[in-house]
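Shown next, in structure tokens, is the structure this report addresses.
The model shown is predicted, which means the values in this text are computed figures rather than measured ones. Because only heavy atoms are used, hydrogens play no part in the values below, and waters and symmetry mates are left out as well, while side chains stay in. FYI, the numbering just counts along the sequence from 1.
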Amino acid sequence: MSIRYQIAEGSSMASCRCFDRAPGTARRAGLRWIRRGLVGLALLLASAPLSGQVFYTVETGDGRLSWLLGTLHTEDPRVLDLPPVLVQALADAERIALELVPDAEMLGALNVAMMLPRDERLSALLDERLYADILELLDPYGLGPSAVERMRPWAVAMTLALPPPETGLFMDMALAFRGVRHGADMVALETLDEQLAFLTGLGRDAHIEMLALAVDDLKRGRTLFETLIRAYLARDADRLRELTERELARMGPAIRERFEREGLTERNARMAERAAPLIDQGRTLVAVGALHLPGEDGLVARLRAMGYRVEPIY
């Protein structure tokens with residue numbers, strides 16, 4: 001499988017690169033990526049639009065058609081059972097713009113970012129009971145004590161945010177594979193450094209709190225994760241909003257304010273700016289975490305303000 005890969009204009013990464021990857025190799029690389037927690041970060045930043053709509057057409061003034069999709073980063077087969085209209089859009093798209101597109105360079109940089117400095121150990125940062133809990137909970141992920149000791153608290157929290165992966169074919173990767181089969185280019189709207197800057201900027205105390213909350217949710221049977229899945233499938237925007245606000249409230253007003261400012265408003269502005277030249281070309285499918293779509297600062301409103309006609313499909 002040949003994946004033509006490029007970075008949207010405005011990114012600090014190299015402007016273009018191409019690589020070949022066999023399906024099995026790509027899936028194993030994606031599985032490592034998922035297991036190590038980045039997709040957990042994406043899930044934390046994902047919800048569904050407050051209007052209850054997750055898929056839109058985006059049309060330029062001269063009639064060039066593109067699409068905007070809100071995603072949920074999961075391998076749950078209920079979510080991956082894509083509606084025919086989305087399947088057709090993937091077949092028609094010439095390029096698919098994701099938040100990040102995994103390649104060897106990005107995966108390597110992620111692995112480095114997730115590791116504590118050489119002179120630090122996770123067990124020294126956590127209380128004894130919490131550390132014992134995460135050792136037990138991470139065992140099904142194939143992560144033993146020596147690997148866990150080197151992980152940053154946020155990396156553990158993000159790993160635990162999702163169930164142990166079974167296929168490694170999460171929604172964004174499934175979209176990419178479908179598009180590639182039809183010859184589409186994969187385009188990244190952000191860089192790994194940009195995404196990690198928001199997370200790491202929260203500070204270690206917040207990371208440990210995130211970890212404790214992830215452990216608590218897992219012990220309660222992943223009730224939050226399952227509720228998110230069901231709300232997404234039902235397009236129950238009010239419920240998703242309630243869940244998102246409730247989880248943020250558990251981390252305090254300072255973190256919530258920073259999440260809204262840096263995790264949503266600033267990132268939405270950046271992604272809209274970088275998506276615009278791609279949309280101007282037509283036949284571009286922009287697929288990002290669905291919480292980036294709604295609201296006055298969301299991508300739907302931003303693209304409309306830029307002169308595009310944005311209409312809901314479902």
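The closest side-chain heavy-atom distance from P294 to V300 is not below 4.5 Å. At a threshold of 4.5 Å between non-hydrogen side-chain atoms, the residues V101 and V187 do not count as touching. Within the 4.5 Å cutoff, the side chain of L143 has heavy atoms near those of the M151 side chain. For the pair P165 and F170, the minimum side-chain heavy-atom distance is below 4.5 Å. The closest side-chain heavy-atom distance from L80 to M171 is below 4.5 Å. A 4.5 Å side-chain heavy-atom check between L90 and L82 finds at least one atom pair inside the cut-off. L202 has its side chain out of reach of F259: every pair of non-hydrogen atoms, C-beta onward, lies at least 4.5 Å apart. Side-chain atoms of L65 and V58, non-hydrogen and from C-beta on, never get closer than 4.5 Å to each other.
Interatomic distance, CZ of R256 versus CD of E260, reported as 5.0 Å (0.5 Å rounding). The line from OG of S123 to CG of L130 is 11.5 Å long, rounded to the nearest 0.5 Å. E136 contributes atom CD, which lies 13.5 Å from atom OH of Y131 (distance to the nearest 0.5 angstrom). Separation of atoms CG (L218) and CG (L213) is listed at 12.5 Å; rounding is to 0.5 Å. Taking CD1 of I134 as the start and CG of D139 as the end, the distance is 12.5 Å to the nearest 0.5 Å. Between I96 atom CD1 and T284 atom OG1 the span is 9.5 Å, to the nearest 0.5 Å.
Looking at residues two or more places apart in sequence or on another chain, you find no salt bridge (charged side-chain N to carboxylate O under 4.0 Å, His left out) involving R304. In this structure A91 satisfies the side-chain contact (heavy atoms from CB on, under 4.5 Å) test together with Q88, H182, sequence neighbours excluded. The side-chain hydrogen bond (donor to acceptor under 3.5 Å, both in side chains) check on S66 picks up nothing, with sequence neighbours excluded. Residues passing the side-chain contact (heavy atoms from CB on, under 4.5 Å) test with A287, sequence neighbours excluded: L69, T71, L98, L175, L285. Remark: E226 pairs with R78, R230 by the salt bridge (charged side-chain N to carboxylate O under 4.0 Å, His left out) rule, at least two apart or across chains. Under the rule for a salt bridge (charged side-chain N to carboxylate O under 4.0 Å, His left out), the partners of R129 that lie at least two apart in sequence or sit in another chain are D133. Checked against side-chain contact (heavy atoms from CB on, under 4.5 Å), R309 has the following partners two or more places apart in sequence or in another chain: E59, E311. Contacts of R178 classified as salt bridge (charged side-chain N to carboxylate O under 4.0 Å, His left out), with partners at least two apart in sequence or in another chain: none. Applying the side-chain contact (heavy atoms from CB on, under 4.5 Å) rule to A113 yields the partners L196; only residues at least two apart in sequence or on another chain are considered.
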task: Would you check, one step at a time, whether the test side chain to side chain donor-acceptor pair (under 3.5 Å) holds for T60 with D62?
output: CA-CA 5 Å; T60 64; D62 59 0; 2.4 Å; yes
- request: Show your reasoning for whether side-chain contact (heavy atoms from CB on, under 4.5 Å) applies to M210 and L199.
  value: CA-CA 11 Å; M210 289 165 56; L199 179 65; 3.8 Å; yes
Test log, rule side chain to side chain donor-acceptor pair (under 3.5 Å), inputs E99 and Q195: CA-CA 9 Å; E99 293 178 24; Q195 284 208 356; 3.0 Å; yes
task: In sequence, state the C-alpha distance, the side-chain angles, and the governing distance for L68 and L293, and then conclude on side-chain contact (heavy atoms from CB on, under 4.5 Å).
output: CA-CA 9 Å; L68 175 64; L293 272 60; 4.0 Å; yes
message: side-chain contact (heavy atoms from CB on, under 4.5 Å), that's the test. Do M271 and V288 meet it? Break it down for me.
response: CA-CA 9 Å; M271 288 193 287; V288 299; 3.9 Å; yes
field: Full working for side-chain contact (heavy atoms from CB on, under 4.5 Å) between Y314 and L86
entry: CA-CA 10 Å; Y314 66 78; L86 176 54; 3.6 Å; yes
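There is no side-chain donor-acceptor pair under 3.5 Å between Y232 and D76.
In this structure a side-chain-to-backbone donor-acceptor pair under 3.5 Å is missing from T57 to W67. No donor-acceptor distance shorter than 3.5 angstrom exists from the side chain of R274 to the backbone of A269, with no hydrogens or angles considered. Between the R283 side chain and the R95 main chain, no donor and acceptor come within less than 3.5 Å of each other. Judged by distance alone, with hydrogens and angles left aside, the side-chain atoms of Y308 form a donor-acceptor pair with the main-chain N or O of A276 at under 3.5 Å. Although no hydrogens or angles enter the test, the distance criterion places a donor-acceptor pair under 3.5 Å between the side chain of R302 and the main chain of D297. Within the 3.5 Å criterion, the main-chain N or O of G168 finds a donor-acceptor partner in the side chain of E75.
Between P164 and R222 the shortest heavy-atom distance is CD-NH2, 4.1 Å. Residues G295 and A301 approach most closely at O-CB, 3.4 Å, considering heavy atoms. When every heavy atom of G298 is checked against every heavy atom of N268, the shortest pair comes out as CA-ND2, 3.7 Å. Residues L192 and L100 approach most closely at N-CD2, 3.6 Å, considering heavy atoms. Nearest approach of V286 to L189, heavy atoms of both residues: CG1-CD1, 3.9 Å. The nearest pair of heavy atoms linking A161 to F225 is O-CD1, 4.0 Å.
The aromatic rings of H207 and W154 sit perpendicular to each other, their planes meeting at more than 60°, with 30° as the lower class boundary.
Residue pairs satisfying the salt bridge (charged side-chain N to carboxylate O under 4.0 Å, His left out) criterion with at least one member in residues 147-161, sequence neighbours excluded, are absent. Residue pairs meeting the salt bridge (charged side-chain N to carboxylate O under 4.0 Å, His left out) criterion with at least one partner in residues 108-119, sequence neighbours excluded, do not occur; the list is empty. Pairs engaging residues 201-217 under the salt bridge (charged side-chain N to carboxylate O under 4.0 Å, His left out) rule: E120-R204, D216-R220, D216-R250, D217-R220 [sequence neighbours left out].
For E190 and R270, the salt-bridge test passes: some basic side-chain N is under 4.0 Å from an acidic carboxylate O.
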